[in-house]
Every structure is written in structure tokens, then in C-alpha cells.
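Being a predicted model, the structure only gives us computed values, none of them experimental. What you see below is based on every heavy atom in this structure, not just the backbone, and it leaves out hydrogens, waters and symmetry mates. As the structure lists them, so they are numbered: ligands from 1, and atoms in each ligand from 1.
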Amino acid sequence: MSDTVETAARTAPAAVIVGIDGPSGTGKSSTSKAVAAKLGLRYLDTGAQYRAITWWMLSNGIDVNDAAAVADAAGKPEIISGTDPSAPTITVDGADAAGPIRTQEVTSAVSAVSAVPEVRTRLTELQRSIAAEAPAGIVVEGRDIGTTVLPDADLKIFLTASAEARAARRSGELKGKEASDLAATQAALVKRDAADSGRKTSPLAKAGDAVEVDTTELTLEQVIECVVTLVEERRSA
Ligand SMILES: Nc1ncnc2c1ncn2[C@@H]1O[C@H](COP(=O)(O)OP(=O)(O)OP(=O)(O)O)[C@@H](O)[C@H]1O
Ligand SMILES: Nc1ccn([C@H]2C[C@H](O)[C@@H](COP(=O)(O)O)O2)c(=O)n1
């Protein structure tokens, strides 16, 4: 090994794996993307993968409430996630799925599909292989990253926020009539969280060694700064 290569190998920081979990609307995606971009890490939105498989089920006439039918089809779609935090992508069988996975139809069906163990096994394997291939490390966000997907992550964060704050944030993203119905937005969030927390297989849960950050009274910038500091502390420890 030449001196230059040897020095680079000695000084390059080891890959860092960060898992960020929490209920809907707590700021996981916004925080994870920004932290990954600031620290030169890859970024993986596992919720987008659950939405992608749900979209495929709906598009292919599978009854999403028929767990056996969903389980049979779970291995069929090819899901590819692009992990550049400044331009994350998701395709299903080669088609761009970024738009279709955010429809109300998919949002309403995703908890049922993601409760099926065969779906979780398939996506957990995919998520682990993506994390293992990230050269400098990765920020992976979801519901079961710290508990199931990456239990040996270098840093686990669990974001929380009041249901009121989360509904107000989501309402800010919606337009027209949808935006005015804050109570309906809040009810839908709470219902999805209950389904995600109540399922048998790897439910939404805080890992025992996760750092909990309540974002209710924090700006997004404050949350990002807090997580960046925690990652840097772990790296230098
Ligand atoms: N601390 C914060 N203060 C105010 N707004 C925030 C904060 N964090 C995130 N937001 C806003 O809240 C909305 C939801 O954030 P984001 O999509 O990152 O949440 P999430 O936890 O990934 O949600 P989901 O699980 O539903 O995908 C976005 O519009 C985002 O800009
Ligand atoms: N690791 C994960 C990530 C997501 N899900 C499910 C549960 C969510 O309601 C849904 C959509 O996620 P979002 O886009 O809101 O982050 O996907 C899961 O079960 N496990």
C-alpha cells in the first residue's frame, strides 16, 4: 500500500449507520434527508418502500385486506430505492413510483399491507442489503429500524411530537379543502399510528437504546442540529 492510500485508509471515518423511527409526521423524512446530506451519508426512506409495494398490490387487483393474497404476491414486484439524500428515488418494476405512492388510496391501504409478515421479511432483507452497501454510512428512517432492521445501528433516534403538532404540519402540506380539515387529518394520523403500533410483526416501537427526541416545540432546523450533534458524538466516541 502506498503512503497516500495508507494515510487515507487511516483517516477515513468508519461507515456510520443511523436509524430514525417514530410515528407519522414527527419529521423523520425531513430530518433524515438533511442529516444525511450534511454528513455525506446515503438516505433510505423505508416507508416509501412499504408504500411502493402497496401501490403495486392495488394496481394489480390484489385485495389488500386479504393477508394470504398479499403474502403470495409479496415477492413479485421489483422495488429499487435511490439513496441520494438530495434526490431520493423509488421505482417499481422500472416505473417511477414517487408520485403514485403518496396518494390517499395508498396511504389508507399501507398499514394493512405492511402488517403482512411476508412483506416485512422481503423489505427488511432489501433494507439491510442497501445499508450494508453504503460506503460512508446511511440514515435509514421508518418504524422498526432500531428494533428489527438494524438492531446494531451506531445511533438510534426515536422522534415524537404531539398529535396536534403533527396534524398541523401535515395540514400545511395539503391544499384547499383538505388543509382546512385539521381534525380529520389528526384522526387519520392517529388511526394509522394505532395500526402500525398494534400489528404483531415488528410494530412501530422505540428501541430500548434509542434516543427519544420530542420535536413538538422544536423547529426542523433544531431537530436536524440535534441529530447531527448526536452522530458526531458517536463517531468521535
Ligand atoms: N420540527 C418541525 N417543525 C415544524 N414542521 C416540521 C418539523 N419537522 C417536520 N416538519 C414538517 O412536517 C411535515 C412532516 O414531516 P416529515 O414528512 O419529515 O415527517 P415523517 O415523520 O417522515 O412523516 P411520515 O411518517 O408520515 O412520512 C413536513 O411538512 C415537514 O416539513
Ligand atoms: N419501517 C417501516 C416504515 C413504514 N412502515 C409502514 C407504516 C406506515 O404507515 C407506512 C408508510 O410510511 P410513511 O411513508 O408514513 O413513513 O409504511 C412500516 O411498517 N415500517
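Of the protein's non-hydrogen atoms, the one nearest atom 13 (C) of ligand 1 is E173 OE2, 3.2 Å. Of the protein's non-hydrogen atoms, G47 CA, 3.5 Å is the one closest to atom 12 (O) of ligand 2. Nearest protein heavy-atom contact of atom 14 (O) of ligand 2 is R51 NE, 2.7 Å. Looking from atom 9 (O) of ligand 2 to the surrounding protein, the closest heavy atom is D196 OD2, 2.7 Å. With hydrogens left out, the protein atom closest to atom 16 (O) of ligand 2 is R143 NH1, 3.0 Å, a heavy atom. Protein heavy atom nearest atom 6 (C) of ligand 2, with residue, atom name and distance: S114 OG, 3.7 Å. Looking at atom 1 (N) of ligand 2, its nearest protein heavy atom turns out to be D144 OD1, 2.8 Å. What sits closest to atom 17 (O) of ligand 2 on the protein, heavy atoms only, is Y50 CB, 3.5 Å. Of the protein's non-hydrogen atoms, R192 NH1, 2.9 Å is the one closest to atom 15 (O) of ligand 2.
Of all atoms in ligand 2, listed by their number and element, those nearer than 4.0 Å to a heavy atom of G142 are 1 (N), 3 (C). Heavy-atom proximity to K28, at under 4.0 Å, picks out these atoms of ligand 1: 18 (O), 19 (O), 20 (P), 21 (O), 22 (O), 23 (O), 24 (P), 25 (O). The contact set between ligand 2 and R102, taken as ligand atoms under 4.0 Å from a residue heavy atom, comprises 14 (O). Which parts of ligand 1 touch G27 is read off a 4.0 Å heavy-atom cut-off, strictly below it: atoms 8 (N), 9 (C), 15 (O), 16 (P), 18 (O), 19 (O), 20 (P), 21 (O).
Applying the 6.0 Å contact sphere to CD of E212 captures more than 12 heavy atoms from other residues, nucleotides or ligands.
Contact annotation for R120 and ligand 2: only side-chain heavy atoms (C-beta onward) come within less than 4.0 Å of the ligand. Under 4.0 angstrom from ligand 1, the non-hydrogen atoms of T219 all belong to its backbone. Contacts with ligand 1 closer than 4.0 Å are made by side-chain heavy atoms of R143 only, the backbone lying farther away. Of all the heavy atoms of L218, the ones lying under 4.0 Å from any atom of ligand 1 belong exclusively to the backbone.
When G25, S30, A165, S24 are checked for heavy-atom proximity to atom 30 (C) of ligand 1, S30 turns out nearest. In this comparison of R170, R169, K33, the heavy atom closest to atom 14 (C) of ligand 1 sits on R170. Compare D45, T46, T201, L44 by their heavy atoms: the one nearest to atom 3 (C) of ligand 2 is in T46.
For R192, the heavy-atom gap to ligand 1 drops under 4.0 angstrom. Heavy-atom separations between Q127 and ligand 2 are all 4.0 Å or longer. Taking 4.0 Å as the cut-off, R51 does not count as a neighbour of ligand 1 on heavy-atom distance. Distances shorter than 4.0 angstrom occur between a heavy atom of P23 and an atom of ligand 1.
Distance alone, capped at 3.5 Å, is enough to place a donor-acceptor pair between the D21 side chain and the I145 backbone. Of the possible donor and acceptor atoms, none in the side chain of R234 sits under 3.5 Å from a partner among the backbone N and O of L155. Looking only at distances, no side-chain donor or acceptor of T147 sits under 3.5 Å from a matching main-chain atom of A207. Side chain of K28 to backbone of G142: no donor-acceptor contact under 3.5 angstrom is found.
T201 and R120 share no donor-acceptor pair across their side chains, judged by distance under 3.5 Å alone. Remark: the D196 side chain and the S111 side chain contain an N/O donor-acceptor pair separated by less than 3.5 Å. A donor-acceptor pair shorter than 3.5 Å can be found between the side chains of R51 and T107.
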- Message: What verdict does the salt bridge (charged side-chain N to carboxylate O under 4.0 Å, His left out) test give for R169 and E164, after you've listed the backbone C-alpha separation in whole Å, the side-chain angles of each residue and the deciding distance to 0.1 Å?
- Response: CA-CA 9 Å; R169 292 172 187 174; E164 290 75 14; over 6 Å; no
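A salt bridge does not link R170 to D181: none of the charged nitrogens lies less than 4.0 Å from a carboxylate oxygen.
Every residue meeting the salt bridge (charged side-chain N to carboxylate O under 4.0 Å, His left out) condition with R166, not counting sequence neighbours, appears here in chain and number order: D193.
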With a cut-off of 3.5 Å and sequence neighbours excluded, list every side-chain donor-acceptor pair involving residues 74-81.
from : atom 1 : to  : atom 2 : distance (Å)
S81  : OG     : Q49 : NE2    : 2.9

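L220 and T31 make their closest contact through CD1-OG1, 3.7 Å (heavy atoms, listed as atom of the first residue, atom of the second, distance).
Within the 4.5 Å cutoff, the side chain of W56 has heavy atoms near those of the D93 side chain. Proximity of Q127 to L44: side-chain heavy atoms (C-beta onward) are separated by under 4.5 Å at one or more points.
Between R199 and ligand 2, an N or O atom pair is found at a separation short of 3.5 Å.
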